[in-house]
Amino acid sequence: MKKYKVGIIGATGMVGQRFALLLENHPWFEPVCLAASANSAGKKYKDAVKKWLMSSPMPEKLKDIVVMDATADKEKIAASVDFCFCAVNMKKDEIRELEYAYAKLECPVVSNNSAHRFTDDVPMIIPEVNADHLEVIASQRAHLGTKRGFIAVKSNCSLQSYVPLLHPLKKFGIKCAAVTTYQAISGAGKIFDTMPEIVDNVIPYIGGEEEKSEKEPLKIWGDIENGKIVPATSPVITAQCLRVPVSDGHTAACFVSFENKPSKEQILSAWAEFSGEPQKLNLPSAPKQFIHYSEEDNRPQPKLDRNTENGMAVCAGRLREDNLFDYKFIGFSHNTLRGAAGGAVLLAELLASKGYFD
C-alpha cells in the first residue's frame, strides 16, 4: 500500500487531537497538513492547541507544523494532500459548504461531522456493517462534477454501542428496539476540568442525539436506488440519551423484539461469528474480533473495557430474556476511537483499500 498524504481539518479540537495521535505511526497515512480556524492559523501546532486533551503526548513530528486556515487556505490544502479528515466545530450549514468545497477541489473528505449524514448520495459508514454503500460515491461524483473528490462520513458515535450488535441479528427479523445510551463527556469534547457540572451528576438531555440515534441506523441499513441511499423503514427504534460522568466510552442498554425469536445461544453465536470487510481485508485499525461478549454480570464497563482491541472493538454483556421485549443486553464502545476518529481512520483505510483515493 502506498503512503497517502493526509490533512486534518479541525486539528486543534478533541477529535482532531485524536486524529493526530492515531496517524502518528500509521502505516498508510502520513499527516502533512493541519488546519483549523483563522484564530489558530499561522501558529505552530504546539502553540495553536489551547489545551492538549489526550492522555498521550502530542506527536513530536506534528508540533512544529504551521496550522493553516481551513477556509481561506482550502485550495492550498487540497493541492497538498491525497485526502483529508474533517472534524471542525462550526455551524452545520458552514460545515456542509466547507466539505463540498474540498470535494469540488478534488480532495476526498472523510468526515467526522454530522452535516452530511443525511445527504442522500453521501455514504454514512460503519465499515463492518455497510461497506457496500461506498458504491454511491460514483453517483455523488457525477452530481459534484468531480473525478476524485467526494465526501464520506461516519455515523454518530453513540450508534457504535448498539447498531453493530443489532446488525448480525437482523436475520431473525428485528421488529423494534428501545435503547438508552449513557454517554461519556468526551462526546461533548470535554474533560472533567472543563465540565464541572457533570461531576456527581447525570444530564438527561443531549441536543439532537435522540433523533440521530433513531434515524441514522435506518440510513445505515438502507439500499442504494437510482444513485441515492434510501433509508430502511424498519425496525422502529426509540432512544433516550444521557450524559454521564465518564471520561471515555458510551454504554447502551438495549431491548429488542424479533419476528422469529432466536435462542440466546443463536444470538451469542451470531455475535461471535460476525465480521465485515475490515476483518476480511485485514485493515490496520480493524479489530481482529469485532464483537466481544463478556459472561460476567458486571461487564462491560468503561474503565475496564474501553481499550479492547485498541478501542476499536464493540463489547456486549448481560444478554437475557425480557418481560416486555424478547431480549435485553448491554452494549459498549469507545466513543472517540471506534465512535469518532478511529472509526473515521478505519473508514479511510477501507476507502484506500478499494482505490477511492487513487
Trainee: Under 4.0 Å between a Lys/Arg side-chain N and an Asp/Glu carboxylate O for D297 and R318?
Mentor: no

Trainee: Identify the two heavy atoms, one from L169 and one from I267, that lie closest to each other, and give their separation to 0.1 Å.
Mentor: CD2-CG2, 3.8 Å

Trainee: Does CD belonging to E214 count more than 12 external heavy atoms closer than 6.0 Å?
Mentor: yes

Trainee: Counting N and O atoms only, with roles assigned by atom type, does the side chain of E99 sit under 3.5 Å from a partner on the main chain of H116, one being a donor and the other an acceptor?
Mentor: no

Trainee: A side-chain contact here means heavy atoms from C-beta on lying under 4.5 Å apart; do P108 and R148 qualify?
Mentor: yes

Trainee: Under a single-linkage definition using a 4.5 Å side-chain heavy-atom cutoff for Ile, Leu, Val, Met, Phe, Trp and Tyr, are L21 and I8 assigned to the same hydrophobic cluster?
Mentor: yes

Trainee: If you apply the rule side chain to side chain contact (heavy atoms under 4.5 Å, CB included), what do you find for S285 with H26, and how did you get there?
Mentor: CA-CA 9 Å; S285 299; H26 196 281; 4.1 Å; yes

Trainee: Would you say that S114 contacts K92 through its side chain, given a criterion of any heavy-atom pair below 4.5 Å between the two side chains?
Mentor: yes

Trainee: Find out if a path of hydrophobic residues (ILVMFWY) with successive side-chain heavy-atom gaps under 4.5 Å connects F83 to W28.
Mentor: yes

Trainee: Please check this pair: side chain of S257 against backbone of D326, looking for a donor-acceptor N/O pair closer than 3.5 Å.
Mentor: yes

Trainee: May I ask you to decide if C241's main-chain N or O and Q183's side chain share a donor-acceptor pair within less than 3.5 Å?
Mentor: no

Trainee: In this structure, are over 12 heavy atoms from other groups packed under 6.0 Å from N310 atom CG?
Mentor: no

Trainee: Taking all atoms of both residues into account, what is the closest heavy-atom pair of F274 and P168, and its distance?
Mentor: CG-CG, 3.7 Å

Trainee: Under a 3.5 Å distance rule, please check whether Q160 uses its side chain to pair with a backbone N or O of N335 as donor and acceptor.
Mentor: no

Trainee: Atom NZ in K328, atom CD in E321: separation rounded to 0.5 Å?
Mentor: 10.5 Å

Trainee: Counting only heavy atoms not in K303 (residues, nucleotides, ligands), do more than 12 fall under 6.0 Å from its NZ?
Mentor: no

Trainee: Just say parallel, tilted or perpendicular for the rings of H167 and W221, cut-offs at 30° and 60°.
Mentor: parallel

Trainee: What's the spacing between L165 CG and W271 CH2 if we round to 0.5 Å?
Mentor: 5.5 Å

Trainee: Applying side chain to side chain contact (heavy atoms under 4.5 Å, CB included) to K154 and L346, what does each step give before you reach the verdict?
Mentor: CA-CA 10 Å; K154 51 153 289 298; L346 184 61; over 6 Å; no

Trainee: Step through the shown structure and confirm whether more than 12 heavy atoms of other residues, nucleotides or ligands are within 6.0 Å of CG on N307.
Mentor: yes

Trainee: Which pair of heavy atoms, one from C254 and one from L166, lies closest together, and at what distance?
Mentor: SG-CD2, 4.1 Å

Trainee: Can you measure from CZ (R320) to OH (Y327) and round to the nearest 0.5 angstrom?
Mentor: 12.5 Å

Trainee: Would you sort out whether R141 and Y356 count as a side chain to side chain contact (heavy atoms under 4.5 Å, CB included), showing the intermediate values?
Mentor: CA-CA 11 Å; R141 282 173 166 161; Y356 282 95; 4.3 Å; yes

Trainee: Among D358, L351, V81, V32, find the residue that satisfies the side chain to side chain contact (heavy atoms under 4.5 Å, CB included) test when tested with Y4.
Mentor: D358

Trainee: First locate atom CZ of R243, then atom OH of Y182, and finally report the distance between them rounded to the nearest 0.5 Å.
Mentor: 14.5 Å

Trainee: Do you know which two heavy atoms are closest between S213 and I237, and how far apart they sit?
Mentor: O-CG2, 4.0 Å

Trainee: Should L22 and F85 be counted in the same cluster of Ile, Leu, Val, Met, Phe, Trp and Tyr side chains packed under 4.5 Å apart?
Mentor: yes

Trainee: Tell me whether V136 shares a hydrophobic cluster with L350, the cluster being built from Ile, Leu, Val, Met, Phe, Trp, Tyr side chains joined at under 4.5 Å.
Mentor: no

Trainee: Can you see whether S186 engages D248 through a side-chain donor-acceptor pair at a distance of less than 3.5 angstrom?
Mentor: yes

Trainee: With no hydrogens and no angle check, is any side-chain donor or acceptor of N130 less than 3.5 Å from a backbone partner on M124?
Mentor: yes

Trainee: Compare every heavy atom of I229 with every heavy atom of V122, then report the nearest pair and how far apart it is.
Mentor: O-CD1, 3.8 Å

Trainee: Keeping the roles fixed (side chain from D223, backbone from V230), state whether a donor-acceptor pair exists under 3.5 Å.
Mentor: no

Trainee: Inspect the surroundings of CG in N298 and state if more than 12 heavy atoms from other residues, nucleotides or ligands are less than 6.0 Å away.
Mentor: yes

Trainee: Side chains of M14 and I191: does their closest heavy-atom pair fall under 4.5 Å?
Mentor: yes

Trainee: Hydrogens and angles aside, do S333 and R338 bring a side-chain donor and acceptor to less than 3.5 Å of each other?
Mentor: no

Trainee: Whether the side chain of E209 engages the backbone of L242 through a donor-acceptor N/O pair (distance < 3.5 Å, no angle test) should be reported.
Mentor: no

Trainee: Taking atom NZ of K91 as the centre, report whether more than 12 heavy atoms of other residues, nucleotides or ligands fall under 6.0 Å from it.
Mentor: no

Trainee: Should M58 and M54 be counted in the same cluster of Ile, Leu, Val, Met, Phe, Trp and Tyr side chains packed under 4.5 Å apart?
Mentor: yes

Trainee: With heavy-atom distances below 4.5 Å as the criterion, would you say the side chains of K43 and V67 are in contact?
Mentor: no

Trainee: Return yes if some donor-acceptor pair links the side-chain N/O of H250 with the main-chain N/O of A184 below 3.5 Å, else return no.
Mentor: yes

Trainee: Return the CZ to CG distance between F255 and L324, rounded to the nearest 0.5 Å.
Mentor: 9.0 Å

Trainee: Taking it one step at a time, do M90 and I95 satisfy side chain to side chain contact (heavy atoms under 4.5 Å, CB included)?
Mentor: CA-CA 6 Å; M90 298 164 64; I95 296 172; 3.7 Å; yes

Trainee: Which value, rounded to the nearest 0.5 Å, describes the distance between I220 atom CD1 and S155 atom OG?
Mentor: 4.0 Å

Trainee: Could you tell me whether the side chain of T336 reaches within less than 4.5 Å of the side chain of C157, counting heavy atoms only?
Mentor: no

Trainee: Judged by atom type as modelled, is there a donor-acceptor pair below 3.5 Å linking the side chain of K76 to the main-chain atoms of A72?
Mentor: no

Trainee: Using a strict 4.0 Å threshold on nitrogen-to-oxygen distance, state whether K219 and E216 make a salt bridge.
Mentor: no

Trainee: Under 4.0 Å between a Lys/Arg side-chain N and an Asp/Glu carboxylate O for K215 and E211?
Mentor: yes

Trainee: What's the shortest heavy-atom distance between Q17 and L53, and which atoms?
Mentor: OE1-N, 2.7 Å

Trainee: Going through the checks in order, is the side chain to side chain donor-acceptor pair (under 3.5 Å) test met by Q279 and E128?
Mentor: CA-CA 8 Å; Q279 287 72 37; E128 285 85 353; 3.0 Å; yes

Trainee: Tell me if a side-chain donor or acceptor on S294 pairs with a main-chain N or O of E296 at a distance below 3.5 Å.
Mentor: no

Trainee: With respect to Y45, which candidate in D64, V66, L62 satisfies the side chain to side chain contact (heavy atoms under 4.5 Å, CB included) definition?
Mentor: L62

Trainee: Any side-chain heavy atom of L347 within less than 4.5 Å of one from L134?
Mentor: yes

Trainee: State, yes or no, whether a side-chain contact exists between C33 and M68 at a heavy-atom distance under 4.5 Å.
Mentor: yes

Trainee: Looking at E197 and K190, does any basic side-chain N land under 4.0 Å from a carboxylate oxygen?
Mentor: no

Trainee: State, with a plain yes or no, whether a side-chain heavy atom of V153 is found less than 4.5 Å away from one of N113.
Mentor: no

